[in-house]
Amino acid sequence: MFEMAIVLAVFAAVVVPAGRYLYNTAAGKTVFGESVFGKIEFVIYKICSIDSKEMSWKQYAAALVFTNAAAAVICYLILRFQSYLFLNPNNAGAMDPLLSFNTVISFVTNTDLQHYAGETALSYFSQAAVITFLMFFSAATGCAAFMAFMRALSGASATVGNYYSDMVRTITRILLPLSAVVCIVLMWQGVPQNFKKTITVNTIETKMQDIQTGPVASLESIKHIGNNGGGFFSAGSASPLENPTPLSNIAEILSMMILPGACVIAFGIMTYERRRQSRQNFAGFARSEAKSIFMVMSIIFVLLLVLCYAAEKMPNRAFAASEAGILSANMEGKETRFGTTQSALFTVVSTAFTTGSVNNMHDSLNPFGGMAALSGMMLNVVFGSIGAGLMNMIMYVLLAVFLCGLMIGRTPEYLGKKIEAREMQLVALCLILHPLLILLFSAAAVFLKAGAAGISNPGFHGLTQALYEFTSSAANNGSSFAGLKNNAPFWNVTTGIVMFFARYAVLVLQIAVAGSLLSKRSLNESSGTLRTDTMTFALMLLFVVFVFNALTFLPAVSLGPVAEHLSLYS
């Protein structure tokens, strides 16, 4: 419990200054190291011929989609021809076409779902030029979309900004500096960073063992800072070469948490500053509102953490019912250097903050432990990845405002803008798409022979395996129940489709909502304005989030982890 308290206390201490820094970057203000960053960005603008003129929301969304498509095509070709390229000391062959498709879609969408073993399937060049590059690229894409969304809602600009400038500034001023710091910490703790060939050693059991190293620390740092997931090795952060000590484990947990939490703070600062400058009667309004959103996210996070921690402190009933009668905490699939406490914390953080990194095998979690991980991704608003969690939560905020407006017989307003039919249509599409992708493809997986062939466990746990795979894909998370045999044509194609639409369709819809609100005339606050900075509205928002997701996901969860728990403990 003390370990958890330390991590959460450090997060609370650093998230506010990190949010201020993120706000300054988004607002184009001077930040620490401006002279260095400015020169680097000037060179990049010159080389890439970037035009920094302001864009409409349609131009911004088009630039986002087309640049991501170009990056995906280049990275696909690298994976297909990696056997002919350099930095391939272990002679990795060309990746299968469908697996290459899945891998590229996975990493360009910030999902990082891995259907391959990184230590054998990829060359060092592919690990650096495809995997690590896309980790920076996809994280910057999400952060840039968040910046545009934030400017539009706050009214801080007449346009949503420039996509290319936001991308460059995010990488140079946020992702690269933070990744460098985390990389140094991980190397200090023993994570390798080299381009050496696989090492063959004679173990104390007088057997030969291959130990692969490589550019691991650099990948691990951006993997967590950018809320990417996956890993250099197939075991991810459960591998001692990716996550060797409890200190490296804490560093990786905090790396996942900082930027998503900072986005909420940055949103509050930007909206508050805009209202204060326009001299409207919004003193402290938006900042308090950001605090209420942060509070709702924190409440859900703590509930999930308590559920997972309590579940993993219980014995595994399969062992308890055996002749051995093991009644200790559930240590199946966990590293002894982390135990159940840091494993439970890592599990909830990685799924709530949609990073997808794992330091234990989620397939081995007790049913309610797996349900906690599932729930974080199904809700998809518990901080989430960089900017995405907040943008998803704002969709629920707009829904809650609309419902409250109907109840009091008044036109709904949010941040001084009317919420009308067009905005609610876009919000409805955005909210429905997430459960639709999960439930539709999960049903197909258990119904079709090609999907059922990959499910390794019968009954309730097998359903949870399929449900978890598509939930992770739709939430752009990337973790999985490792018992699923997902490197097959069915799973490579279907999860690729889910990841694509869950990322780009949702981002475009959210930017469209922001663009629609930006085009509207601002209204002054009056005595009849619904206050969204109060505890009452925070509780209403929490209620809307829970009810919406219970109506969509409760039947599937009841047939999966809940039914499995009841069958084990009956």
Side-chain angles (χ1 to χ4, degrees), residues 40 44 47-48 67-141 167-168 171-172 175-176 179-180 182-184 186-187 191-200 210-226 228-237 239 241-243 356-357 478 487 492 496 499:
I40 296 173
I44 294 174
I47 294 174
C48 300
T67 53
N68 277 252
V73 170
I74 293 170
C75 291
Y76 178 85
L77 293 175
I78 292 175
L79 293 180
R80 293 290 295 125
F81 295 100
Q82 68 175 354
S83 59
Y84 303 103
L85 301 175
F86 50 93
L87 289 179
N88 188 14
N90 299 317
N91 299 317
M95 186 176 279
D96 175 78
L98 288 181
L99 183 56
S100 297
F101 161 78
N102 182 274
T103 301
V104 168
I105 293 296
S106 175
F107 281 87
V108 80
T109 58
N110 199 239
T111 308
D112 298 30
L113 184 72
Q114 288 182 268
H115 288 178
Y116 63 90
E119 57 265 52
T120 57
L122 295 179
S123 67
Y124 290 166
F125 181 74
S126 295
Q127 291 277 23
V130 176
I131 305 304
T132 306
F133 163 73
L134 287 180
M135 284 182 175
F136 277 99
F137 186 86
S138 62
T141 297
M167 279 282 291
V168 172
I171 293 174
T172 58
L175 298 179
L176 273 174
S179 298
V182 175
C183 183
I184 292 171
L186 294 180
M187 286 191 293
V191 178
Q193 179 69 18
N194 57 54
F195 290 97
K196 295 180 179 178
K197 190 177 180 180
T198 298
I199 305 168
T200 302
D210 290 336
I211 300 176
Q212 184 173 4
T213 56
V216 183
S218 57
L219 185 147
E220 285 298 300
S221 57
I222 184 57
K223 166 178 126 177
H224 294 101
I225 287 293
N228 290 284
F232 193 95
F233 303 101
S234 57
S237 288
S239 167
L241 292 176
E242 287 193 17
N243 188 11
S357 179
N487 187 12
N492 285 333
M499 289 185 286

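The figures that follow rest on heavy atoms only: side chains count, while hydrogens, waters and symmetry mates do not.
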Heavy atoms, side chains only, cut-off 4.5 Å: are [X] and [Y] in contact?
X      : Y      : value
Ser218 : Gln193 : yes
Pro97  : Tyr76  : yes
Leu219 : Gln127 : yes
Val130 : Phe107 : no
Val216 : Phe233 : yes

Would you give the length of the straight line joining atom [atom1] of [X] to atom [atom2] of [Y], rounded to the nearest 0.5 angstrom?
X      : Y      : atom1 : atom2 : value
Phe232 : Thr213 : CZ    : OG1   : 7.5 Å
Glu220 : Thr132 : CD    : OG1   : 9.5 Å
Gln114 : Ile131 : CD    : CD1   : 7.0 Å
Phe136 : Ile225 : CZ    : CD1   : 9.5 Å
Asp112 : Thr103 : CG    : OG1   : 10.0 Å
Leu122 : Met95  : CG    : CE    : 4.5 Å

Can you name the nearest heavy-atom pair linking [X] to [Y], along with the distance?
X      : Y      : result
Arg80  : Ser100 : CD-OG, 3.6 Å
Ala121 : Ala92  : O-CB, 4.1 Å
Ser83  : Ala94  : CB-N, 3.9 Å
Ser179 : Leu175 : OG-O, 2.7 Å
Ser138 : Asn228 : OG-OD1, 3.2 Å
Ile78  : Ser126 : CG2-OG, 4.0 Å

task = Using the side-chain contact (heavy atoms from CB on, under 4.5 Å) rule, take Ile211 and Leu241 through it: C-alpha gap first, then chi angles, then the decisive distance, then the call.
result = CA-CA 9 Å; Ile211 300 176; Leu241 292 176; 4.0 Å; yes
ask   = Would Phe195 and Leu87 count as a side-chain contact (heavy atoms from CB on, under 4.5 Å) if you check the C-alpha gap in whole Å, the side-chain angles of each, and the deciding distance to 0.1 Å?
value = CA-CA 8 Å; Phe195 290 97; Leu87 289 179; 4.1 Å; yes
task = Ignoring hydrogens and angles, state whether a donor on the side chain of Asn110 or Thr141 is under 3.5 Å from an acceptor on the partner side chain.
result =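 Absent: no donor and acceptor within the cut-off.
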ask   = How about Thr198 and Asp210: does a side-chain donor come under 3.5 Å of a side-chain acceptor?
value =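 Result is no, nothing qualifies.
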message = Looking at Ser234 and Ala117, would you say the former's side chain and the latter's main chain have a donor-acceptor pair under 3.5 Å?
response =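 Side chain of Ser234 to backbone of Ala117: no pair is present.
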message = Would the distance check show the side chain of Gln212 and the main-chain N or O of Lys197 forming a donor-acceptor pair, the cut-off being under 3.5 Å?
response =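 Not at all, since once roles are kept as given, no pair shorter than 3.5 Å links the two residues.
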request  = Applying side-chain contact (heavy atoms from CB on, under 4.5 Å), run through Leu134 and Cys75 and close with a yes or a no.
outcome  = CA-CA 8 Å; Leu134 287 180; Cys75 291; 3.8 Å; yes
Check against side-chain contact (heavy atoms from CB on, under 4.5 Å), Ser237 and Lys223 = CA-CA 10 Å; Ser237 288; Lys223 166 178 126 177; 3.2 Å; yes
